[in-house]
Amino acid sequence: LLEIARVVLAGRRVLWYDPRENEVNAARCVHVTNDSGLVLAPGAVSVVDGGKFVGQSQLAPMVPGDDALVPYGQDSTVMVQRVLEPALQSTAVAGVAAVRVKGRLVGCAVSHRQVRATTYRVRNNSARAVEALLVDHTAGAEHGGFVVTTTDGCVKAAVGFARFRLALAPHGEAELVVREEATYETRHTAVDEIRSRVLADRGLEEAGLLPAELRAELLGLVQAATLLERLRAVALSGRAGDDAARRELDAAAD
């Protein structure tokens with residue numbers, strides 16, 4: 001066995017909760033920071049606490065300044081409940097824009113803003129205080145990916161991810177609400193959709209989300225399409241076998 005280097009890293013005991021790992025319980029971890037100035041290779045790590053072996057884990061590669069969680073067992077003293085409160089969820093229209101093809105109006109695009117809130121309710125069943133409980137939150141991937149907007153208590157963040165830190169008194173409780181947002185667009189070119197989902201919602205114009213000029217254009221588009229369908233039905237009912245009538249009506253539609 002050849003020893004290459006021996007380093008001492010800063011570390012502390014923490015509890016770590018990630019619902020992807022365990023829906024209810026947190027894990028006991030050592031939060032390690034690579035302050036050695038060396039690049040540490042991946043490998044197996046044995047965890048010894050108070051002179052006793054308590055677990056083994058894998059250490060990911062760490063460049064100087066990196067931090068990592070080294071889990072060494074489950075904790076049964078802290079219980080976490082994760083819920084989506086219906087009152088905290090919302091989806092609202094952010095705006096309506098015209099959809100044109102070669103300058104011709106063919107429909108509209110509606111922008112939506114969705115807010116999702118996840119509530120973490122935490123209870124410490126122990127007579128000892130918990131100095132650091134780390135809660136990992138992964139945002140939803142729908143609509144191109146949600147963005148976490150909550151910053152209070154956040155100690156680490158990346159695209160679609162945030163880590164929060166809580167402290168718990170003996171037999172204490174805490175609540176963490178993490179909000180995330182996404183914007184997405186729906187396009188409506190069918191007459192029935194434009195009529196029922198856009199024009200029928202008078203609140204869009206009242207809120208300034210649907211410009212009056214665009215509403216008038218969409219209304220004209222719907223009226224013209226409706227009239228054309230009626231003309232086609234009347235013409236084809238009387239001249240069902242007349243191919244020339246069909247060609248004339250198709251040309252009018254174009």
Side-chain angles (χ1 to χ4, degrees), residues 19 82-119 137-152 154 157-162 177-254:
R82 184 172 65 106
V83 295
L84 293 174
E85 297 285 358
L88 300 181
Q89 321 305 316
S90 66
T91 301
V93 174
V96 182
V99 174
R100 302 180 188 276
V101 176
K102 296 182 179 179
R104 174 189 172 193
L105 182 71
V106 296
C108 62
V110 181
S111 299
H112 304 268
R113 175 176 171 267
Q114 183 175 351
V115 177
R116 179 182 297 170
T118 304
T119 301
H137 179 85
T138 302
E142 305 93 321
H143 307 308
F146 280 73
V147 177
V148 178
T149 57
T150 301
T151 57
D152 290 345
C154 183
V159 177
F161 168 84
V177 179
V178 180
R179 289 180 170 82
E180 53 190 86
E181 295 183 5
T183 56
Y184 62 97
E185 184 180 274
T186 56
R187 292 200 168 198
H188 306 293
T189 55
V191 172
D192 290 341
E193 288 186 355
I194 296 173
R195 182 189 296 112
S196 61
R197 300 184 182 182
V198 181
L199 296 178
D201 189 350
R202 299 294 299 183
L204 295 177
E205 187 175 6
E206 294 173 358
L209 300 173
L210 176 60
E213 297 83 359
L214 177 56
R215 190 179 192 283
E217 280 191 274
L218 291 172
L219 185 59
L221 178 66
V222 169
Q223 291 173 341
T226 302
L227 178 60
L228 184 60
E229 285 298 322
R230 290 176 180 173
L231 290 174
R232 178 181 281 111
V234 171
L236 294 182
S237 64
R239 301 165 62 188
D242 193 338
D243 291 337
R246 291 194 182 90
R247 288 194 296 270
E248 291 173 6
L249 288 170
D250 289 339
D254 294 335

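No hydrogens, no waters, no symmetry mates; every other heavy atom, side chains included, goes into these values. None of these values were measured; they are calculated from a predicted model.
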Of all the heavy-atom pairs spanning [X] and [Y], show the shortest one and how long it is.
X: Ala139; Y: Phe146; result: CB-O, 3.6 Å
X: Arg100; Y: Leu105; result: NH1-CB, 3.8 Å
X: Leu214; Y: Ala97; result: CD2-C, 3.8 Å
X: Ala162; Y: Val148; result: CB-CG1, 3.9 Å
X: Val191; Y: Ala225; result: CG2-CB, 3.4 Å
X: Ala117; Y: Leu88; result: CB-CB, 3.7 Å

Residue pair [X] / [Y], side-chain heavy-atom distance below 4.5 Å:
X: Arg197; Y: Val110; value: no
X: His143; Y: Thr183; value: no
X: Val147; Y: Glu181; value: no
X: Glu180; Y: His137; value: yes

Interatomic spacing from [atom1] in [X] to [atom2] in [Y] - rounded to 0.5 Å:
X: Arg230; Y: Leu227; atom1: CZ; atom2: CG; answer: 7.5 Å
X: Leu218; Y: Leu210; atom1: CG; atom2: CG; answer: 6.5 Å
X: Thr118; Y: Leu84; atom1: OG1; atom2: CG; answer: 4.5 Å
X: Gln223; Y: Arg195; atom1: CD; atom2: CZ; answer: 9.5 Å
X: Glu193; Y: Cys108; atom1: CD; atom2: SG; answer: 9.0 Å
X: Arg215; Y: Leu209; atom1: CZ; atom2: CG; answer: 13.5 Å

Notebook entry, point to check: Arg116 side chain to Gln89 main-chain N or O, any donor-acceptor pair under 3.5 Å?
Noted result: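 Not a single qualifying donor-acceptor pair exists.
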>> So does Arg179 get a backbone contact from the side chain of Thr150, meaning a donor-acceptor N/O pair under 3.5 Å?
In response: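 Checking the backbone N and O of Arg179 against the side chain of Thr150, a donor-acceptor pair under 3.5 Å is found.
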